[in-house]
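Structure first, then comments.
Naming convention: chains lettered A, B, ... in sequence-line order (proteins, then strands); numbering from 1 in each chain.
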Amino acid sequence: MADQASPQHLFADVLARVHAVCGALATEGRWSAGIDLSRVVVEPPRDPAHGDVATNAAMVLTRQAKTKPRDLAEQIAARLRADDLIASVDIAGPGFINLTLKASAWSEALRTVLREGSSYGRRSAMGAGEKVNVEYVSANPTGPMHVGHGRGAVFGDALANLLIFAGYDVVREYYVNDAGAQVDVLARSAHLRYREALGENIGEIPEGLYPGEYLKPVGQALAATYGDKLLKMPEAEWLPIVRAKAIAMMMEEIEGDLAALNIRHDVFFSERSLIEGGTDQVAATIEFLRGKGDVYEGRLPPPKGAPVEDYEDREQTLFRATAYGDDVDRPLKKSDGGYTYFASDIAYHKNKFDRGFHNLVDVWGADHGGYIKRVEAAIKAVTSGKATLDVKVVQLVKLLRSGEPVKMSKRSGDFVTLREVVDEVGKDAVRFMMLYRKNDAVLDFDLAKVIEQSRENPVFYVQYGHARGHSVFRNAREVVPDLPEEAGARAAFLAEAAVERLTDPAELDLLRRLALYPRTIEAAAAAHEPHRIAFYLYDLASEFHAQWTRGRDLPYLRFIINNDAGMTKARLALVQGVVSVLASGLAVLGVHAPDEMR
RNA sequence: GCGCUCGUAGCUCAGCUGGAUAGAGCAUCGGACUUCGAAUCCGAGGGUCGGGAGUUCGAAUCUCUCCGAGCGCGCCA
């Protein structure tokens with residue numbers, strides 16, 4: 001246990017020590033057999049007066065120990081007092097055990113930050129190399145991406161980064177919906193643009209086809225490749241050709257939009273590939289489920305709520321979703337004999353499982369929320385409960401400009417695209433803002449505010465913190481001339497500083513905040529919530545800015561002390577810790593950490 | 001009608017999977033620039049955590065029930 005309690009994670013270290021004490025108490029025979037420590041946690045108390053670390057051990061173990069919380073706390077405290085990391089222990093309230101750590105613990109924590117650099121906070125043991133499939137974006141290849149897609153894209157990408165940092169083996173995946181009726185509509189729309197490119201006057205785009213101008217290049221490309229050959233073919237012949245070309249060009253555009261946000265997927269999985277190329281995986285999956293008794297022919301009651309126009313009561317092929325927690329059984333085949341989207345989706349998720357992924361994360365738009373239960377049901381059925389699926393629903397984005405809604409008319413096909421927004425405000429602003437909100441909360445995205453350089457704009461505020469740290473380094477060379485330029489060398493140099501001299505309460509707060517980073521990574525990764533990193537970085541930057549300004553009124557608190565190179569180096573070590581963690585967290589979010597803001 | 005998500009300061013939102021006196025920004029009011037970057041900081045006021053009940057040492061957090069908002073509800077994806 002003591003070996004695993006590496007100092008790279010101070011809170012994990014303390015927790016291990018608390019666990020050890022509780023375990024020892026238990027095995028000394030006073031408790032009934034078996035001890036469950038899973039609910040014992042350590043955390044920083046809200047009120048600093050309560051010490052550095054608090055644990056609820058006595059309270060959550062009171063039943064197992066058959067001892068009153070305060071009495072149990074006394075027993076645990078007595079042993080913790082002997083710990084060489086702990087300066088003092090006291091018991092408060094209903095049985096909290098408050099620990100004050102020795103000052104050396106914080107000095108050591110800072111040295112750890114400096115020593116590990118960009119690896120600090122990495123939680124390799126958490127994921128332990130386990131495979132995770134994160135599927136995100138998966139926008140239909142029928143047009144350019146809008147801002148809502150962008151949010152899912154950024155969220156999925158940051159989550160993938162986060163899980164990698166937490167030690168998982170992550171594959172970033174995009175499900176290309178290239179098989180349904182929508183891509184046929186796309187093909188017909190593109191065919192129209194093709195005729196237009198050949199000089200025909202096509203007039204108004206008919207109802208039901210995609211009117212957007214973005215299909216014009218597809219028409220031109222087809223004209224350039226095929227001349228008028230496609231005109232002479234019947235639709236059944238030209239449609240697959242036009243469809244393939246249109247999808248390819250749309251995907252190229254989408255990948256370009258994603259690249260502008262530094263998003264790159266490892267796998268683009270084609271829905272069509274499930275049914276083409278030899279084996280029909282959808283049919284195979286349906287038969288697999290039929291063999292388990294989870295597929296049958298039957299009738300469904302008519303849908304409630306909004307009446308369905310052309311409702312027709314008929315027998316159909318159904319998946320027994322109700323056996324796995326869904327509300328109704330779900331159809332797998334359409335009346336025209338084709339598979340439903342759901343049927344393909346089951347096969348797709350089974351395919352992921354068969355590729356060795358037992359941890360699945362899907363990132364969906366809010367309008368797909370009603371779809372979650374049936375997919376969860378399907379995954380249970382198809383993997384016999386051996387896979388976990390976490391569906392992250394990303395809420396919609398309200399685009400504003402200085403508080404006023406930006407008009408979007410979808411009907412004309414003329415809407416604000418993701419690319420336009422990225423071009424206007426930059427990828428860093430888009431990425432950070434989309435992560436500076438919980439995924440299931442509606443996001444107001446104000447185009448004017450995100451390029452503002454003020455505290456109101458968290459992107460700027462955090463980046464400025466990083467730049468400001470570098471500004472200190474630049475100025476510090478007058479006192480510490482041999483301060484290295486390169487980050488790794490600088491960190492190594494500063495790790496030798498007398499960091500014990502950092503004793504100001506606000507400095508210790510900063511050290512505590514830095515020590516919290518690995519814990520924040522772990523919690524955010526476990527919850528699949530990258531926004532926690534964004535908020536952590538904001539808090540860290542805030543404390544750093546505050547300490548900077550404090551030096552204005554109280555010169556002895558400045559980072560650079562002209563006649564004391566030793567103290568300056570200690571303070572620079574603190575600044576380096578802050579800069580390093582800001583850079584690390586920003587990297588997880590995929591946001592650039594600039595050395596200066598000018 | 002059913003399901004999912006949400007409801008926290010005037011506004012926009014956090015709240016570390018059940019912890020101690022519920023936090024931040026904006027807005028309001030009052031302060032700090034012969035400066036390591038004032039692009040920043042400090043302080044003040046502001047709350048029945050939508051209402052009610054339950055679970056337990058302890059609830060904004062878990063359960064139930066109302067109220068309100070958004071999304072969805074065979075053969076679209």
Starting at atom CG of L318(A), determine the distance to atom P of G74(B), rounded to an integer number of angstrom.
-> 13 Å
Choose from G3(B), G19(B), C36(B) the nucleotide whose nearest atom is closest to any side-chain atom of D327(A).
-> G3(B)
Taking only side-chain nitrogens and oxygens of Y461(A), does any of them come within less than 4.0 Å of OP1 or OP2 of C41(B)?
-> yes
Against the side chain of K438(A), the closest entry in U12(B), A14(B), C16(B) is A14(B)
So what does E452(A) touch, heavy atoms closer than 4.0 Å: a base, only the sugar-phosphate, or nothing?
-> nothing
Looking across every strand, which nucleic acid part, if any, lies under 4.0 Å from Q395(A) by heavy atom: base, sugar-phosphate, or nothing?
-> nothing
What is the nucleic acid contact for R468(A), judged by heavy atoms within less than 4.0 Å: base, sugar-phosphate only, or nothing?
-> sugar-phosphate
Less than 4.0 Å between a side-chain N and a carboxylate O, is that true for E529(A) and R532(A)?
-> yes
Scanning all shown strands, the Watson-Crick or wobble mate of G23(B) with both distances under 3.5 Å is C13(B)
Please determine, for the side chain of A441(A), which listed nucleotide (C42(B), A77(B), A14(B)) has the closest atom?
-> A14(B)
Nucleotide forming a Watson-Crick or wobble pair with G47(B), both distances under 3.5 Å | none
Whole-Å C1' distance, A27(B) and G45(B) | 13 Å
Length of the line joining M126(A):CE and C16(B):C1', which is rounded to integer Å | 13 Å
From the candidates C75(B), C13(B), G15(B), the one with an atom nearest any side-chain atom of R314(A) is C75(B)
Donor on one side chain, acceptor on other, R468(A) and H545(A), under 3.5 Å | yes
If you look at every strand shown and take non-hydrogen atoms under 4.0 Å, does R374(A) touch a base, only sugar-phosphate, or nothing?
-> nothing
Which comes earlier along RNA chain B counting from the 5' end, the contact point of A541(A) or that of E315(A), where each point is its nearest nucleotide?
-> A541(A)
Who pairs with C4(B) - Watson-Crick or G-U, where each distance is under 3.5 Å | G70(B)
Which part of the nucleic acid, if any, lies within reach of R39(A) when heavy atoms closer than 4.0 Å are counted: base, sugar-phosphate only, or nothing?
-> base
For G25(B) and C71(B), measure between their C1' atoms and round to the nearest Å.
-> 29 Å
Strand partner of C75(B), provided both Watson-Crick or wobble distances fall under 3.5 Å = none
Is C64(B) paired to anything, Watson-Crick or G-U wobble with both distances less than 3.5 Å, and if yes, which nucleotide?
-> G52(B)
Any idea which of C57(B), G72(B), G74(B) is nearest the D367(A) side chain?
-> G72(B)
Is the distance from OP1 or OP2 of G72(B) to the nearest side-chain N or O of K373(A) less than 4.0 Å?
-> no
Check whether more than 12 heavy atoms from other residues, nucleotides or ligands sit under 6.0 Å from atom CD of E485(A), and answer yes or no.
-> no
Under 4.0 Å between any heavy atoms, over every strand shown, what does N98(A) touch: base, sugar-phosphate, or nothing? Just pick one.
-> base
Considering only the P atoms, how many Å lie between A9(B) and G15(B), rounded to the nearest integer?
-> 15 Å
Upstream residue (5' side of RNA chain B) when Y339(A) and E529(A) are each assigned their closest nucleotide | E529(A)
Is D509(A) salt-bridged to R513(A), going by a charged N under 4.0 Å from an acidic O?
-> no
Could you work out the separation of G58(B) and A53(B) based on their P atoms and round it to a whole Å?
-> 16 Å
U8(B) P sits how many Å from F535(A) CZ, rounded?
-> 15 Å
Indicate yes or no: at least one non-hydrogen side-chain atom of I372(A) is less than 4.5 angstrom from one of D362(A).
-> no
Look at the side chain of D440(A) and decide which nucleotide, out of U17(B), C13(B), C6(B), has an atom nearest to it.
-> C6(B)
Measure the distance from CG on L537(A) to C1' on G25(B) and round it to the nearest whole Å.
-> 16 Å
Could R401(A) and D446(A) be called an ion pair, given the rule that one side-chain N must be under 4.0 Å from one carboxylate O?
-> no
Taking A77(B), A24(B), C36(B) as options, the one with an atom nearest any side-chain atom of Y538(A) is A24(B)
Base, sugar-phosphate, or nothing for Y341(A), non-hydrogen atoms under 4.0 angstrom?
-> base
Check every atom of A77(B), U40(B), U56(B) against the side chain of R63(A) and return the nucleotide holding the closest atom.
-> U56(B)
Spacing of K392(A) atom NZ relative to C4(B) atom P, expressed in whole Å | 17 Å
Do the side chain of R519(A) and the base of C16(B) come within less than 3.5 angstrom through a donor-acceptor pair of N or O atoms?
-> yes
Quick one: label V472(A) by what it contacts on the DNA or RNA (base, sugar-phosphate, nothing), any heavy atom closer than 4.0 Å.
-> sugar-phosphate
Looking only at side-chain atoms of H545(A), point me to the closest of C41(B), C6(B), C36(B).
-> C41(B)
So, for T55(A) and V41(A), which heavy atoms are closest and what is the spacing to 0.1 Å?
-> OG1-O, 3.0 Å
Rounded distance in Å between the C1' positions of U48(B) and C2(B) | 32 Å
Can we say R501(A) and D564(A) salt-bridge, meaning some charged N sits less than 4.0 Å from an Asp/Glu carboxylate O?
-> yes
Compare side-chain N and O positions of R70(A) against OP1 and OP2 of C57(B) and report whether any pair is under 4.0 Å apart.
-> no
Does H531(A) place a side-chain N or O at less than 4.0 Å from the phosphate oxygens OP1/OP2 of G15(B)?
-> yes
Whole angstrom value for the distance that separates P of C13(B) from CE of M434(A) = 14 Å
In whole angstroms, the gap separating P of C36(B) from CG of N475(A) amounts to 8 Å
Nearest-Å distance, CH2 (W548(A)) to P (C42(B))?
-> 13 Å
Please state the P separation for the pair U40(B) and G50(B) - nearest whole angstrom.
-> 32 Å
Are the charged groups of E173(A) and K352(A) less than 4.0 angstrom apart, N to O?
-> no
Contact class for R552(A) (heavy atom, under 4.0 Å): base, sugar-phosphate, or nothing?
-> base
Nucleotide of A77(B), U40(B), C42(B) approaching Y464(A) most closely (side-chain heavy atoms) = U40(B)
Under 4.0 angstrom, heavy atoms only, what part of the nucleic acid is R437(A) near: base, sugar-phosphate, or nothing?
-> sugar-phosphate
At under 4.0 Å between heavy atoms, what does A92(A) touch on the DNA or RNA strands: base, sugar-phosphate, or nothing?
-> base
Mind checking N56(A) for me? I need base, sugar-phosphate or nothing, with any heavy atom below 4.0 Å counting as a touch.
-> base
Tell me yes or no: between the side chains of T100(A) and D52(A), is some donor less than 3.5 Å from an acceptor?
-> no
Between U17(B) and A60(B), how far is it from one P atom to the other, in whole Å?
-> 16 Å
Which part of the nucleic acid, if any, lies within contact of P94(A), taking any heavy atom under 4.0 Å across all strands shown: a base, the sugar-phosphate backbone alone, or nothing?
-> base
Partner of U40(B) under the Watson-Crick or G-U wobble criteria, both distances under 3.5 Å, comes out as A32(B)
Between G43(B) and C11(B), how far apart are the P atoms? Round to whole Å, please.
-> 25 Å
Base, sugar-phosphate alone, or nothing: which one does V60(A) contact when heavy atoms must sit under 4.0 Å apart?
-> base
